[in-house]
Amino acid sequence: MPSVAEKRRTFRDLHEAGCFVIPNPFDVGSARWLQGLGFPALATTSSGVAFAAGLPDGGISRDDMLAHIAALVDAADMPVNADYLNAFADDPNDVAENVTACIATGAAGISVEDSTGRAGEPLYDADLAVERVRAARKAIDKAGGDVLLVARAECFLTGHADPLEEALRRLKRFADAGADVLYAPGPRQREQIERIVAAVAPKPVNVLVSAPSDFTVADFAAMGVRRISVGGALSRAAWGGFMRAAEELKAGRFDGLAGAAKHADLDRFFAADQHQREGRT
């Protein structure tokens with residue numbers, strides 16, 4: 001199994017050119033399955049882990065999130081990007097401390113967003129948001145500098161009056177403050193995405209695709225996007241199948257079980273996967 005340092009080098013190389021999909025597993029089993037499909041990297045999902053714990057997105061504690069990230073890092077032979085919400089802190093000094101704790105999980109990248117989680121004030125003031133990115137950058141540099149810092153502008157998801165222009169302003173400042181990758185989840189129009197890519201070039205941009213899209217990976221690559229994540233979409237797809245089957249079961253029918261994965265397929269994959277991992281120790 002590659003070392004943490006090797007995973008981090010691989011992750012950095014992935015961001016140098018081209019465009020890749022970085023799917024978001026929600027537990028160890030889904031991480032191992034995605035690895036088996038051959039994806040080059042994985043990213044955690046805050047909503048996926050929260051829903052699995054019976055909590056709303058953002059409801060999981062810092063320590064539980066760190067344990068989840070560490071478990072996925074340990075389960076995967078490829079790099080893992082940590083969805084670290086707002087780094088579980090408002091103050092830049094606390095952001096730095098919490099980012100340092102996340103680095104210790106072995107994550108190859110850490111995403112820090114500018115959303116406060118508070119309804120009345122959903123985004124941090126722009127100056128404070130920049131200071132928080134700068135604090136995360138300093139924490140990463142102090143730890144060796146090999147972890148990629150992903151700075152997220154949540155303007156599209158928080159009801160901002162002019163989300164694109166505000167996201168552009170913030171992302172450019174985040175890039176200047178030391179972010180390695182820029183990410184504004186929400187835009188779906190080609191022009192919006194191309195403007196974001198151009199604004200922070202040559203730094204790489206992540207795009208979120210959390211629902212069916214008319215764009216293909218090749219289309220996003222042509223726009224200059226470097227990586228594509230799906231957030232909690234795989235988790236919600238799993239929940240969708242579970243909910244439909246459970247509702248039919250409650251109604252006295254078993255039709256919802258027709259779409260279930262075959263026990264033999266899952267058992268065969270995980271038995272082979274376990275054998276392979278044990279052979280490396």
Side-chain angles (χ1 to χ4, degrees), residues 20-61 64-65 67-78 80-85 111 115 117 154 156-159 185-188 206-220 227-277:
F20 67 99
V21 176
I22 181 168
N24 304 72
F26 44 90
D27 59 13
V28 168
S30 58
R32 298 299 300 168
W33 187 271
L34 290 168
Q35 175 167 296
L37 290 176
F39 287 99
L42 303 174
T44 67
T45 161
S46 63
S47 62
V49 64
F51 297 157
L55 297 167
D57 191 9
I60 194 167
S61 71
D64 285 347
M65 181 67 85
H68 171 71
I69 294 166
L72 264 60
V73 168
D74 183 64
D77 294 340
M78 75 271 279
V80 174
N81 190 98
D83 178 354
Y84 207 39
L85 296 168
S111 297
S115 174
E154 303 293 297
F156 283 87
L157 304 184
T158 54
R188 293 183 173 86
N206 184 100
V207 163
L208 173 68
V209 181
S210 59
S213 173
D214 292 333
F215 296 130
T216 64
V217 172
D219 291 330
F220 284 115
R227 75 182 206 190
I228 304 162
S229 59
V230 297
L234 289 175
S235 167
R236 290 186 289 103
W239 273 103
F242 170 80
M243 291 163 68
R244 287 189 294 273
E247 287 163 1
E248 291 202 6
L249 189 61
K250 180 64 170 61
R253 299 189 303 274
F254 302 92
D255 298 346
L257 303 180
K262 293 181 180 179
H263 176 277
D265 291 343
L266 291 167
D267 200 51
R268 187 182 305 111
F269 172 82
F270 287 116
D273 185 71
Q274 181 183 34
H275 179 73
Q276 181 183 43
R277 288 175 67 79

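Owing to the predicted nature of the structure, the values given are computational and were not obtained by experimental measurement. Computed from heavy atoms alone, side chains included, the values below leave out hydrogens, waters and symmetry copies.
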Distance in Å, [X] [atom1] paired with [Y] [atom2], rounded so as to fall on 0.5 Å steps:
X      : Y      : atom1 : atom2 : value
Asn81  : Ile69  : CG    : CD1   : 9.0 Å
Leu42  : Gln35  : CG    : CD    : 7.0 Å
His68  : Phe26  : NE2   : CZ    : 10.0 Å
Met78  : Leu34  : CE    : CG    : 7.5 Å
Arg244 : Asp255 : CZ    : CG    : 13.0 Å

Requested in this report: Kindly indicate, with the supporting measurements, whether the criterion side chain to side chain contact (heavy atoms under 4.5 Å, CB included) is fulfilled by Ser210 and Arg236.
Outcome: CA-CA 10 Å; Ser210 59; Arg236 290 186 289 103; 3.7 Å; yes

Query raised in the report: If only atom types and distance count, is the side chain of Arg32 paired as donor or acceptor with the main-chain N or O of Phe269 below 3.5 Å?
Result: no

Does [X] reach the side chain of [Y], with side-chain heavy atoms less than 4.5 Å apart?
X      : Y      : value
Asn206 : Ile228 : no
Leu257 : Glu248 : no
Val21  : Val217 : yes
Leu157 : Ser115 : no
Ser213 : Arg188 : no
Pro25  : Thr44  : no
Val207 : Phe215 : no
Thr45  : Leu234 : no

Taking all non-hydrogen atoms of both residues, which atom of [X] and which atom of [Y] are closest, and how far apart?
X      : Y      : answer
Gly48  : Ser235 : CA-OG, 3.5 Å
Ala261 : Leu266 : CB-CD1, 4.0 Å
Phe156 : Gly186 : CB-CA, 3.8 Å
Pro56  : Ala50  : O-CB, 3.3 Å
Gly256 : Ala245 : O-CB, 3.6 Å

Requested in this report: Describe, in one word, how the ring planes of Trp33 and Phe270 are oriented to each other, choosing from parallel (under 30°), tilted (30 to 60°) and perpendicular (over 60°).
Outcome: tilted

Requested in this report: Please check if atom CG in Asp267 has more than 12 non-hydrogen atoms from other residues, nucleotides or ligands closer than 6.0 Å.
Outcome: yes

Report task. Would you sort out whether Asp57 and Leu85 count as a side chain to side chain contact (heavy atoms under 4.5 Å, CB included), showing the intermediate values? Result -> CA-CA 9 Å; Asp57 191 9; Leu85 296 168; 4.3 Å; yes

Requested in this report: Could you verify whether a donor N or O on one side chain and an acceptor N or O on the other, from Ser229 and Asn24, lie under 3.5 Å apart?
Outcome: no

Report task. Would you sort out whether Arg277 and Asp77 count as a side chain to side chain contact (heavy atoms under 4.5 Å, CB included), showing the intermediate values? Result -> CA-CA 10 Å; Arg277 288 175 67 79; Asp77 294 340; 3.8 Å; yes

